2 protein chains.
Amino acid sequence: MESQQKILDSAIEVLNEDFSAPIDVIADKAGLSRRTLHRYFKDRTALIDACLLNMMQTWETAMLQACSNSDDPVKQLEGMLYAGIDCGVKYAFLHKLSKQQPTSTNSKYTSAREKWFQLIPQLQQKKIISDKIDAAWIRLLFIQMIHTTIEAYRSGDIAPNEIKRMAWYSFRRSIGMK
Amino acid sequence: MESQQKILDSAIEVLNEDFSAPIDVIADKAGLSRRTLHRYFKDRTALIDACLLNMMQTWETAMLQACSNSDDPVKQLEGMLYAGIDCGVKYAFLHKLSKQQPTSTNSKYTSAREKWFQLIPQLQQKKIISDKIDAAWIRLLFIQMIHTTIEAYRSGDIAPNEIKRMAWYSFRRSIGMK
DNA sequence: GTAAAATGTCACAAAGTTGAGACATTTTGA
DNA sequence: TCAAAATGTCTCAACTTTGTGACATTTTAC
């Protein structure tokens with residue numbers, strides 16, 4: 001595998017464990033020297049930015065896939081949740097990041113994310129989900145359901161095969177679907 | 001106010017914004033010098049540990065209060081959620097912390113937390129909430145609903161007065177209550 | 001095999017963080 | 001008022017992290 005991708009994968013894994021981890025740790029895990037890492041990524045910021053870009057692309061692809069798999073908006077929403085879960089588990093540290101100061105890539109990322117949530121008002125108009133609930137609240141529920149799932153995986157208290165099912169059950173009910 | 005408490009309050013506020021913030025920032029916000037801070041807290045670890053202890057006490061008190069306010073387990077659960085929200089908003093950075101390496105105080109904190117979730121099986125036996133859902137999953141939903149709320153406050157997208165109502169609506173439905 | 005590309009090693013300086021000593025100054029409380 | 005406690009200021013040493021230059025070694029591709 002390309003060194004650049006190795007570093008990226010390593011960074012994703014390490015920063016998930018400890019966001020403030022020294023760069024050495026990332027390089028070690030990638031099986032490369034810190035010096036080499038810096039040949040690919042100018043500095044820490046550039047590395048994190050690259051992770052963000054990596055995630056955007058991955059998620060965007062998975063979301064598109066989910067939408068093209070069905071014409072039923074509900075099925076699309078379900079698929080998007082699953083895509084979000086798969087992606088969220090892999091890139092969990094970026095969620096922590098987005099709570100801090102935003103980066104340039106970050107704004108692109110959130111604006112890309114916004115696009116997908118245009119589905120919500122659409123579902124509200126069709127009375128599939130309650131219009132008593134603020135769309136912004138639903139967006140947060142969606143994101144946080146992914147966080148919940150990440151925690152569920154991490155805790156080991158719950159059978160992994162059950163998690164997605166429960167997540168979809170809880171999410172669709174939390175937004176007022178039957 | 002006591003300097004110790006001033007520092008504690010400042011730490012809670014600053015670390016919420018940026019968990020890796022240098023100690024100077026905390027001392028500044030407390031209106032004290034870094035030197036003085038170190039007279040009260042041996043090092044960074046001791047300070048964070050103190051924040052943790054502070055939270056445990058606050059939450060425990062608020063939870064007890066919520067339980068004593070009613071005999072109805074559902075009302076108790078609702079009150080506990082609100083207590084958790086109030087507390088969670090104030091001590092949000094500790095949630096991030098608990099995802100990292102646990103401290104000595106941390107284990108006490110989680111074990112204290114466990115006690116409160118004995119309410120869940122009890123509600124499942126009474127068929128008030130679905131017993132198809134794993135109690136561990138419900139515990140995570142509870143915690144994450146607090147995270148959601150924290151985000152909701154922070155985002156500013158949602159009317160603050162609506163947040164608790166929506167949180168309780170979404171939470172009780174997510175665990176299978178009507 | 002050989003040249004170019006990639007990587008490793010070592011060394012280094014700049015910067016940031018941390019905790020504490022020494023001593024001056026201020027605040028507190030009786 | 002006065003002594004004790006609390007705090008500030010200044011300083012310092014130890015440590016960590018970071019990015020980079022110089023040069024050796026290995027790997028790759030032809």
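Since this is a predicted model, take the numbers as computed values, not measurements. To find a chain, count down the sequence lines: A is the first, B the second, and so on, and within it residues start at 1.
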Q) Taking the nucleotide of DNA chain D with the closest heavy atom to each, which residue, A/P22 or A/K42, is nearer the 5' end? A)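 Mapping each residue to its closest nucleotide by heavy atoms, the 5'-most match is A/P22.
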[X] has an atom [atom1]; how far is it from atom [atom2] of [N], in whole Å?
{"X": "A/D28", "N": "D/dT17", "atom1": "CG", "atom2": "P", "result": "12 Å"}
{"X": "A/L37", "N": "D/dT17", "atom1": "CG", "atom2": "C1'", "result": "14 Å"}
{"X": "A/K6", "N": "C/dA6", "atom1": "NZ", "atom2": "C1'", "result": "11 Å"}
{"X": "B/E2", "N": "C/dT27", "atom1": "CD", "atom2": "P", "result": "18 Å"}
{"X": "B/L47", "N": "C/dG19", "atom1": "CG", "atom2": "P", "result": "10 Å"}
{"X": "A/D24", "N": "D/dG19", "atom1": "CG", "atom2": "C1'", "result": "12 Å"}

Q: Classify the side chain of A/R34 versus the base of C/dG8 as yes if they form a donor-acceptor pair under 3.5 Å and no if they do not.
A: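 No pair found.
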Q. Under the 3.5 Å rule, do the base of C/dG8 and the side chain of A/R39 count as making a donor-acceptor pair?
A.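 By the distance-only test, yes, there is a pair.
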Q) Short question: side chain of A/R173, backbone of B/R173 - any donor-acceptor pair under 3.5 Å? A) yes
(Q) Side chains of B/S170 and A/W137 only: does a donor on one sit below 3.5 Å from an acceptor on the other? (A) yes
If you check the [X] side chain, which of [options] turns out closest?
{"X": "A/H38", "options": "D/dT20, C/dT18, D/dT17", "value": "D/dT20"}
{"X": "B/Y40", "options": "D/dG19, D/dG8, D/dT7", "value": "D/dT7"}
{"X": "A/L32", "options": "C/dG8, D/dA6, C/dG19", "value": "C/dG8"}
{"X": "B/I23", "options": "C/dG19, C/dT7, C/dA20", "value": "C/dG19"}
{"X": "B/R35", "options": "D/dT20, C/dT7, D/dT9", "value": "D/dT9"}

Q: For the residue pair A/F142 and A/F171, categorise the inter-ring angle as parallel (less than 30°), tilted (30 to 60°) or perpendicular (more than 60°).
A: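 A/F142 and A/F171: perpendicular rings.
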**Q.** Salt bridge present between A/R139 and A/D134 (N-O < 4.0 angstrom)
**A.** no
Q: Output yes when at least one side-chain N/O atom of B/T36 is less than 4.0 Å from OP1 or OP2 of D/dG8, else no.
A: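 Answer yes for this pair, as a side-chain N or O of B/T36 is under 4.0 Å from OP1 or OP2.
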Q) How far apart are the C-alpha atoms of A/D71 and A/K75, what are their side-chain angles, what is the distance that settles it, and do they pass the salt bridge (charged side-chain N to carboxylate O under 4.0 Å, His left out) test? A) CA-CA 8 Å; A/D71 288 336; A/K75 280 283 167 203; over 6 Å; no
